Amino acid sequence: MRPAVRAAVADDLPALVALDEVCFGSGAWGEVAWADEFERLSEDRVVLVADEDSVVAGYVVLLLPPVVEDVVEVLRIAVAPAERRTGVGGQLLTIALGRCAGRTVLLEVAAGNESAIGLYAGFGFEEISRRRGYYAGGEDAVIMRWREEQ
Ligand SMILES: CC(C)(COP(=O)(O)OP(=O)(O)OC[C@H]1O[C@@H](n2cnc3c(N)ncnc32)[C@H](O)[C@@H]1OP(=O)(O)O)[C@@H](O)C(=O)NCCC(=O)NCCS
């Protein structure tokens with residue numbers, strides 16, 4: 001059964017902290033940052049989860065305007081390793097982009113992250129610039145943009 005995508009609720013916090021740790025290791029946000037994220041949830045700051053029989057299989061974090069008018073940022077997206085390549089990431093992104101009508105969506109991704117770049121490219125995201133050596137270890141950050149009319 002396909003997971004349902006829904007807005008995150010406070011009870012999801014432990015699962016999100018744990019999944020983020022699994023997916024990002026030393027780059028995980030950690031409990032304090034996730035708790036802070038939940039404090040700031042609003043119409044402009046959104047966490048969506050892919051809920052599979054009450055288990056969080058993936059999540060996406062969006063920063064919507066008014067930080068920069070008409071620009072949405074995808075801050076984070078991840079799927080549990082066992083659930084990858086089954087369409088969960090695509091499902092999360094479909095719902096997320098569905099909230100971005102008429103807006104530009106930006107995200108940043110490590111140049112070597114083939115799975116994420118493959119996912120984004122499939123939705124029509126295009127590389128618009130690079131931050132050379134941005135990540136620890138010297139990996140470039142790729143800035144990608146999506147516009148609804150594509
Ligand atoms: C990136 C990520 C969210 C993709 O989630 P997913 O649920 O596996 O994605 P989907 O199954 O919906 O895949 C959709 C498409 O993305 C592309 N894709 C996904 N994984 C890929 C891989 N390992 N290699 C190449 N392309 C890939 C494919 O085009 C795929 O379509 P296909 O399976 O029909 O070929 C997941 O790999 C992940 O959590 N990675 C670790 C966290 C991360 O790096 N997040 C992004 C940076 S913030």
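Computed from a prediction, not measured in an experiment: that's the story for all the values here. Whatever order the structure lists ligands and atoms in, that order sets their numbers, starting from 1.
Geometrically, ligand 1 and A78 share no nitrogen or oxygen pair separated by less than 3.5 Å. Annotation: R85 places an N or O atom under 3.5 Å from an N or O atom of ligand 1; distance criterion only. Considering backbone and side-chain N/O atoms, G90 comes within less than 3.5 Å of an N/O atom of ligand 1.
Remark: among candidates G58, S115, G118, the nearest residue to atom 21 (C) of ligand 1 is S115, based on non-hydrogen atoms. When the heavy atoms of V109, V79, I117, I77 are ranked by distance to atom 48 (S) of ligand 1, first place goes to I77.
Taking every non-hydrogen atom of G87 and a distance limit under 4.0 Å, the qualifying atoms of ligand 1 come out as 10 (P), 11 (O), 12 (O). Residue N113 approaches ligand 1 through these ligand atoms, each under 4.0 Å from one of its heavy atoms: 43 (C), 44 (O), 46 (C), 47 (C). Ligand 1 places these atoms under 4.0 Å from at least one heavy atom of Y120: 46 (C), 47 (C). For ligand 1, the atoms sitting less than 4.0 Å from at least one non-hydrogen atom of A116 are 1 (C), 46 (C), numbered in the order shown with element in parentheses. Ligand-side atoms of ligand 1 in range of T86: 11 (O), range being under 4.0 angstrom from any heavy atom.
Within the 4.0 angstrom cut-off, atom 34 (O) of ligand 1 has no protein heavy-atom neighbours.
A donor-acceptor pair is defined here as one N or O able to donate and one able to accept, closer than 3.5 Å; no such pair exists between the side chain of N113 and the backbone of A110. With hydrogens and angles disregarded, no donor-acceptor distance shorter than 3.5 Å links the side chain of R147 to the backbone of V105. The closest donor-acceptor contact from the side chain of E148 to the backbone of G102 lies under 3.5 Å. Checked by atom type and distance alone, the side chain of E139 never pairs as donor or acceptor with a backbone atom of G133 at under 3.5 Å. A side-chain donor-acceptor contact under 3.5 Å links Q91 to the backbone of P3.
F24 CZ, 3.6 Å is the protein heavy atom nearest to atom 42 (C) of ligand 1. Nearest to atom 14 (C) of ligand 1 among the protein's heavy atoms is L119 CD1, 3.6 Å. Atom 38 (C) of ligand 1 has R84 NE, 3.3 Å as its closest protein atom, hydrogens excluded (heavy atom only). Closest protein heavy atom to atom 7 (O) of ligand 1: G89 N, 2.7 Å.
In this structure, W29 and W34 have tilted ring planes: the angle between them lies in the 30° to 60° band.
Taking a 4.0 Å cut-off on heavy atoms, G122 fails to register as neighbouring ligand 1.
C23 contributes atom SG, which lies 5.0 Å from atom OH of Y59 (distance to the nearest 0.5 angstrom).
Ion pairing between a basic and an acidic side chain is recognised when a charged N comes within 4.0 Å of a carboxylate O; E108 and R131 show such pairing.
Looking at every heavy atom in both residues, A116 comes nearest to V109 through CB-CG2, 3.8 Å.
For the pair R76 and F24, the distance from NZ or CZ to the six-membered ring centre is under 6.0 Å and the angle to the ring normal is within 45 degrees.
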